[in-house]
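The next block holds one structure in the form of structure tokens; read it before the comments.
Keep in mind that what you see is a predicted model, and the values were worked out from it rather than measured. No hydrogens, no waters, no symmetry mates; every other heavy atom, side chains included, goes into these values.
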Amino acid sequence: MAMGTGIAGAADAPTPDTPAAPKVLRYAIRAAETGFDPAQVTDLYSRNVTAGIFDAPLRYGYLARPYRLEPAVTEGMPEVSDDARRFVFKLRPGIYFADDAAFKGRKRELVAEDLVYTIKRHYDPRVKSGHLYRFEGAKILGLSEVRAESLKNKTAFDYDRPVEGLRALDRYTVEIRVANSDPRFLLHFADPMVGIVAREVIEAYGDKIMEHPVGTGAWRLAEWRRSSRIVLEKNANFRDERYHEQPPATAVPELAEAARRLQGRKLPMIDRVEIAVIEENQPRWLSFLRKEFDLLDDLPAEFAPVGMPHNHIAPNLAKDGLRAVRYERADVSVSFFNMEDPLVGGYTPEKIALRRAISLGVNLDEEILRPRRGQAIPAQGIISPGVTGYDKTFKSEMSQFDRARAKALLDLYGYVDKDGDGWRDQPDGQPLVIEYSTQPDGANRQLAELWQKNMDALKVRIKFKIAKWPENLKSANAGKLMMWGMGWSADVPDGENFLSLGYVGSKGQSNKARFDLPEYNALYRQQHGMPDGPERLAVIEKMQRLLIAYMPYKVHVHRIFTDMTQPWVVGYDKNLYQRDFYSFVDIDADAIAKAHLKAK
């Protein structure tokens, strides 16, 4: 793996006759990317890259807290009318895609038809969008019918067929009409899934489109070695965007000063982003300490006692000018049960009892203390802190550890040792063997060891199926895994994003458990069209309790994260929804030179 150092070549200040060295931001991610097509990718790491290459119509203010939507490539905010059933987007003229051979030498402007085409791609069965359910909730008029016809007749999706709900009114104006009132519909238009693509690029690269992202964003993909290295460079066609971020009054002084210094600067302020894939925590942490990386994206939990003792940055690191940003991600760590699996799935009392017993047998206190090193809080339900619908007073069985009750449940429903070998069997006498999918890195090995300990105590056999993260994701979406431990981070600051993990319309997408309960589905559709307020929150609580009762997911924890930056990274803060943070930071060459001299 080729990795430069964060300070290499930066000691010599440029003279009037020599240009300044390119500003490069280097960091590492802990799971391999899957590709760079906005409609297809669902993993956090790939989406963080597509967010820089493609523009969504809207964006979040990078430093704004609470989170605030603002225009990205639109002239003002979209018009919303007809009880949140009609939305009109006016694109700004003069925005251009990065140069690409697909444009045959022409400079290609972003126009309304590009947004129309981008949305339609999510409905194309061949694309296999992982985000379709987010549009289907609102039901864009006519598009579901075009998709259904394509599926029924096994024909290509007809992109040229006009539909009532999605029209380009002129060169820069798009009208969207939906059947279901959707007060939060615009939230999705700041998400990388609506990164706007050009039709001729998609058609030129076909099945290779995951390797050839071309957008109007600040960055272009300059180099990609799969599962190893991703390099972004400035898009020469990027428009004149200026830094205008205003930090909240609660911002730390360093961030407030950085924002003041950066006002009015042309974006992006750096020239290149180099991303390494390092799955093991120790080398990623040590590489950061050696200044080979400028940013540590997610301090590994096992090093929190060293880097963040008592949840404050270690004095030796602070003395060197490093900065820590600690935050609760809108995030849940779950283990899902495949509800279509013949062993752990199903809705009959004995199947529900098996899942609930397994959940009760998971020692969350030990999980938080040992593998997670205190960097998490127990989860009471599927909705995380930081989004609409989270209630910190909500308590449930989800977080309970009760081994005696777990054993009693298993005994009551016939999961007992029938052949005298010391291990529980199924009620029909077949062996009871749980298969849990996981990854080969150290952090997941520790979690697997705890699963082994917990299930051994219940006399339930468990075996582990190990594969790389992208492989497990693909298998989970296809319904091929019995159980898998995974994290889910919110795409938008609203609890519906988590509730979709149990909705039938997102089965094979966010709904990895393939849960399908009519009562839950009806409540999901009901809350979707409700305005925020007590009535909607009451419906959301009913949904959470149904998920706890049927237990398609064992929700373990909400994780607490810490990012760290070297002293020369200026303006970094964690925005959970504006993912291209590298578009809003600068590299201080003087600080690098000082660090280099100090290292000597």
Atom pair CZ/OH of Phe584 and Tyr572 - distance to nearest 0.5 Å: 12.5 Å
CA sep, side-chain torsions, deciding dist, call: Ile382, Leu499, side chain to side chain contact (heavy atoms under 4.5 Å, CB included): CA-CA 7 Å; Ile382 199 77; Leu499 298 173; 4.1 Å; yes
Separation between OG of Ser335 and NZ of Lys512, rounded to the nearest 0.5 Å: 14.0 Å
Asp563 side chain to Tyr327 side chain, donor-acceptor N/O pair below 3.5 angstrom: yes
Short side-chain donor-acceptor distance under 3.5 Å, Ser506 and Ser500: no
Candidate pair Val41 and Phe36, rule side chain to side chain contact (heavy atoms under 4.5 Å, CB included), full reasoning: CA-CA 7 Å; Val41 298; Phe36 309 111; 5.8 Å; no
Set of side chain to side chain donor-acceptor pair (under 3.5 Å) partners for Asp580, sequence neighbours left out: Gln578, Ser583
Exercise: identify the closest heavy-atom pair between Leu166 and Val116: CD2-O, 3.5 Å
Minimum-distance pair of heavy atoms, taken over all atoms of Pro192 and Ala51: CG-CB, 3.9 Å
Between Gln439 and Asn472: side-chain donor-acceptor atoms closer than 3.5 Å: yes
Salt-bridge present (Arg134, Asp491; N to O < 4.0 Å): yes
Any side-chain donor near an acceptor of the partner, Asp43 and Thr34, under 3.5 Å: yes
Charged N-O contact under 4.0 Å between Arg30 and Asp297: no
Residue pair Pro493 / Tyr60: nearest heavy atoms and the distance that separates them: CD-OH, 3.2 Å
Euclidean distance, Ile270 CD1 relative to Lys23 NZ, rounded to 0.5 Å: 9.0 Å
Gap separating the CZ atom of Arg121 from the OH atom of Tyr159, nearest 0.5 angstrom: 5.5 Å
Trace of the side chain to side chain contact (heavy atoms under 4.5 Å, CB included) decision for Glu211 with Tyr205: CA-CA 9 Å; Glu211 305 169 21; Tyr205 294 110; over 6 Å; no
Test item: side-chain donor near acceptor, Tyr503 and Glu496, under 3.5 Å: no
Gap separating the CZ atom of Arg242 from the CD atom of Glu245, nearest 0.5 angstrom: 14.5 Å
Aromatic ring proximity Phe394/Tyr390, centre distance under 6.0 Å: no
Tyr172 six-ring face occupied by Lys90 cation (under 6.0 Å, within 45°): no
Pair Arg92, Thr74: side-chain N/O donor-acceptor within cut-off below 3.5 Å: no
Under the salt bridge (Lys or Arg N to Asp or Glu O under 4.0 Å) test, residues paired with Glu70 that sit two or more places apart: Arg59, Arg68
Donor-acceptor pair between Gln246 and Tyr62 side chains, under 3.5 angstrom: no
For the student: nearest non-hydrogen atoms of Phe498 and Ala330, plus distance: CZ-O, 3.4 Å
Aromatic contact, Trp219 with Phe238 (centres under 6.0 Å): no
Distance-minimising heavy-atom pair for His122 and Pro38: CE1-O, 4.5 Å
Under 3.5 Å side-chain donor-acceptor pair for Ser129 and Gln40: no
Distance in Å, Asp114 CG paired with Ile196 CD1, rounded so as to fall on 0.5 Å steps: 7.0 Å
Asp331-Ser384 side chain donor-acceptor pair, cut-off 3.5 Å: no
NZ/NE/NH1/NH2 to OD/OE distance under 4.0 Å, Arg108 and Glu200: yes
Heavy-atom pair of closest approach, residues Ala98 and Phe103: O-CE1, 3.3 Å
Side-chain donor-acceptor contact under 3.5 Å, Glu279 with Trp469: no
Over-ring placement of Arg329 relative to Phe561, 6.0 Å and 45° cut-offs: yes
Full working for side chain to side chain contact (heavy atoms under 4.5 Å, CB included) between Tyr520 and Leu547: CA-CA 8 Å; Tyr520 184 91; Leu547 289 177; 3.6 Å; yes
Phe581 side chain reached by Leu25 side chain, heavy atoms, under 4.5 Å: yes
